2 protein chains.
Amino acid sequence: MHILIVEDELGIVQFLKQGLQEEGYQITTAGDGSKGFELIQNQKFDLILLDWMLPKINGLDLCKAIRVKDQQTPIIFLTAKDTVQETIEGLKAGANDYIKKPFSFEELVERIKVHFRNKKQAANLTLGNITMDLTRHIVLKDKEEIALTQREFELLAYLIENKGKVCNRNQILRDVWEINFEYDTGVIDVFMNAIRKKLNLKIEEDYIKTVRGIGYIAND
Amino acid sequence: MHILIVEDELGIVQFLKQGLQEEGYQITTAGDGSKGFELIQNQKFDLILLDWMLPKINGLDLCKAIRVKDQQTPIIFLTAKDTVQETIEGLKAGANDYIKKPFSFEELVERIKVHFRNKKQAANLTLGNITMDLTRHIVLKDKEEIALTQREFELLAYLIENKGKVCNRNQILRDVWEINFEYDTGVIDVFMNAIRKKLNLKIEEDYIKTVRGIGYIAND
DNA sequence: GAGTTGTCTTAATATTTGCTTAAGATGTTG
DNA sequence: CAACATCTTAAGCAAATATTAAGACAACTC
C-alpha cells in the first residue's frame, strides 16, 4: 500500500514517514502542493495525507484538483485548522476524512486502515504460475483462464491454502467433501486427475505432488 | 438513502431524525442495541449511526455483530466517549468514522455525504454494450432501448454493480428480494431467464455467466 | 366494481452439468 | 512378482439450472 504525504513541516513529515513505514506502508512525500500534484499526475497512490497550509498550492485547492480526475483515492486532511467550518470545507472539497492536529498517531493509523479495509478482498491464491481469484471464481495459468468445476476449484484452493503441508486423504475428505468418517471410494483421485489434466500438470515434478500412502502436497 | 439511527437518548434521536429528514434522508430509529440488531437483520440500510452507550447490547458489540455478516454498510459512531483509546477501539470494531459529542450537525452531514459520494456516481452502469441509467430507469443495448420490469431491472443492476464478483443466490435474495432466510423457490432463475431473453444473451460465453453451485457473475 | 393488463411468484417439466462409482490400467514397494 | 496404491476412463445418476405455463396480485380502465 502506497501512501503520499503532502506536508511542508519537515518534523511532521519525518515522524509520519517513519511511523507509517513501520506499519508496513510504502511512503512518498511532497513538500509543497505543486510537487504533490505533479506526483499524483504521474503515479497512482492508494491514499493521500494532506496538510492544509502548503506552499504554492494549498491543501484545499490541491484536494479539489485531485478530485477533478480521480474520485476514488482516499484523501485524509491532517491539519491544525480545526474549526467546524474548515472541517466542512475540507470534506466538501472531496476529502474522505479530516483529522485535527495535534492528533494521535495510533488514531491516524486506524483511520487509514478503515480506508483499506474493504480493498483487501481481492483474496487470491497463487501456486507457481497458477492464480486463483476466489471472488471471481477464476483460475488462471499464465494469464490463460482455465474452467474448473465447483469441486475441482475447492480442492485446488484447499491444496494451495495448505501449500507446503501434506494433506492426507481423510483431511481432504473432511474439509472439501465434508465427509467425517473413513470412507474412500477414490473420488479424490478422480478430481486430482481432472485438475492435473485441465492445468496440464505432470504427475512427477510439478506443483502438486502425490505423497504415496498419505495424500497430496502443493508447492511452488 | 436510508439511515438507521441507534441511540437511546430521545432528545438526540429527535434532533437527528428531523435534521436528517430535512436533508432528504429516510430515517429509521432504534432505541436499544438489540432492536437495532433486529432491524439490521431484516432490512438493508445505506448507513448506520451508532451510539456507544446503549441498553441491552452496547454500540461496540453491535458494531462487531453487524460486521460479521456485512462489511459494506458504513457505520459511524456518534458518541460522548472521546478518548483516543475508545476512538481506536470503535474503528477497530469495524466502524468507518467516529464523531465525538458534542458534534456539529453540519459536520455530521458532511461526513455522511462522504460515504455516499462514490455511490451516487454509479448513476449509470455499463456491461459490455449494455447501459443502465438508474435515474431514468432505462436499459440500452447498442443504443436500442430494452424494456425491463422493476425486478428484472434491479437484478441486472445488482449484478452489474458487483461486476467481476460471483453473486451467490442467498446474497441475491437478500439484496434484491430482501429475503433474509434460506428460501429458494427458483425465482432468480426465472428472472435470469427473462433478462437473458430480453437482452438476447447466450447462456454460454456472454456477459452474464452461471456459476454452477453458487450463483451468477457479470463481466465485460 | 368488473374487466383488463402487466408483473411477480410458484410449480411442474425439460435439460444440462458434474459428482460419484466402479473397474481396469499403471505404477510402486518390499 | 505379489500386494497395494494411485491413475485413468467411462457410464449412471443426482442435483442444479433453464424453461414454460399458470395462478396470484395489484394497478388501471371503463
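Because only heavy atoms are used, hydrogens play no part in the values below, and waters and symmetry mates are left out as well, while side chains stay in. Every value quoted in this text rests on a predicted model; they were computed, and no experiment measured them. Every chain is numbered from 1 and lettered A, B, ... according to where its sequence line falls, protein lines coming before strand lines.
- By the ring-ring contact (aromatic ring centres under 6.0 Å, His included) test, B/F103 pairs with no residue at all, sequence neighbours left out.
- Listed by chain and number, the residues in a side chain to side chain contact (heavy atoms under 4.5 Å, CB included) with A/I195 are A/E152, A/L155, A/L156, A/L199 (sequence neighbours excluded).
- For B/I203 and C/dT15, the CD1 to C1' distance is 10 Å, given to the nearest whole Å.
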Going 5' to 3' along nucleotides 17-30 of chain C, which nucleotides have protein heavy atoms under 4.0 Å from the base (write B), which only from the sugar-phosphate (write S), and which from neither (write -)? BSSBBB----BS--
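- Computed from coordinates, the B/D189 CG to C/dA12 C1' distance equals 14 Å when rounded to whole Å.
- Backbone-only engagement by B/Y216 is indicated by non-hydrogen atom pairs under 4.0 Å involving sugar-phosphate atoms exclusively.
- Each end of the helix from C/dG1-D/dC30 to C/dG30-D/dC1 gets its own axis, taken as the rotation carrying the C1' atoms of four end pairs onto the next four within a five-pair window, and the two axes meet at 20° to the nearest 10 degrees.
- Scored by the side chain to side chain contact (heavy atoms under 4.5 Å, CB included) test, B/K56 finds B/D32, B/S34 as partners (sequence neighbours excluded).
- Listed by first then second residue, pairs satisfying ring-ring contact (aromatic ring centres under 6.0 Å, His included) with a partner in residues 146-176 of chain B read B/H137-B/F153, not counting sequence neighbours.
- Side-chain atoms of A/Q171 come within 3.5 Å of backbone atoms of A/N168 as a donor-acceptor pair (strictly under, hydrogens ignored).
- For B/A65, the side chain to side chain contact (heavy atoms under 4.5 Å, CB included) partners are B/F37, not counting sequence neighbours.
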Mind listing the side-chain donor-acceptor pairs of residues 40-50 of chain A below 3.5 Å, one per line with the distance, residues two or more places apart or on another chain?
from  : atom 1 : to    : atom 2 : distance (Å)
A/N42 : ND2    : A/E38 : O      : 3.2
A/D46 : OD2    : A/H2  : N      : 2.7

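- The footprint of chain A on DNA chain D, defined by a heavy-atom cutoff below 4.0 Å, extends from D/dA5 to D/dT9.
- A/D133 contributes a side-chain N or O that, together with a main-chain N or O of A/R136, makes up a donor-acceptor pair within less than 3.5 Å.
- Each of A/I214 and B/R169 was matched to the nucleotide of DNA chain D holding its nearest heavy atom; the match closer to the 5' end belongs to A/I214.
- At a non-hydrogen distance threshold of 4.0 Å, B/N193, B/R196, B/K197 from residues 192-199 of chain B come into contact with DNA chain D.
- Note on A/D189 versus A/R196: no salt bridge recorded, every NZ/NE/NH1/NH2 to OD/OE distance being 4.0 Å or above.
- Listed by first and then second residue, the ring-ring contact (aromatic ring centres under 6.0 Å, His included) pairs that reach into residues 58-100 of chain B are B/W52-B/F77, B/F77-B/Y98, sequence neighbours excluded.
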Got a list of side-chain donor-acceptor pairs under 3.5 Å for residues 211-220 of chain A, not counting sequence neighbours?
from   : atom 1 : to     : atom 2 : distance (Å)
A/D220 : OD1    : A/G128 : N      : 2.7
A/D220 : OD2    : A/K163 : NZ     : 3.1

Intermediate values then yes/no, salt bridge (Lys or Arg N to Asp or Glu O under 4.0 Å), B/R174 and B/E178: CA-CA 4 Å; B/R174 194 190 62 213; B/E178 309 210 0; over 6 Å; no
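- Residues B/T87 and B/K100 have side chains in contact (heavy-atom distance under 4.5 Å, counting atoms from C-beta outward).
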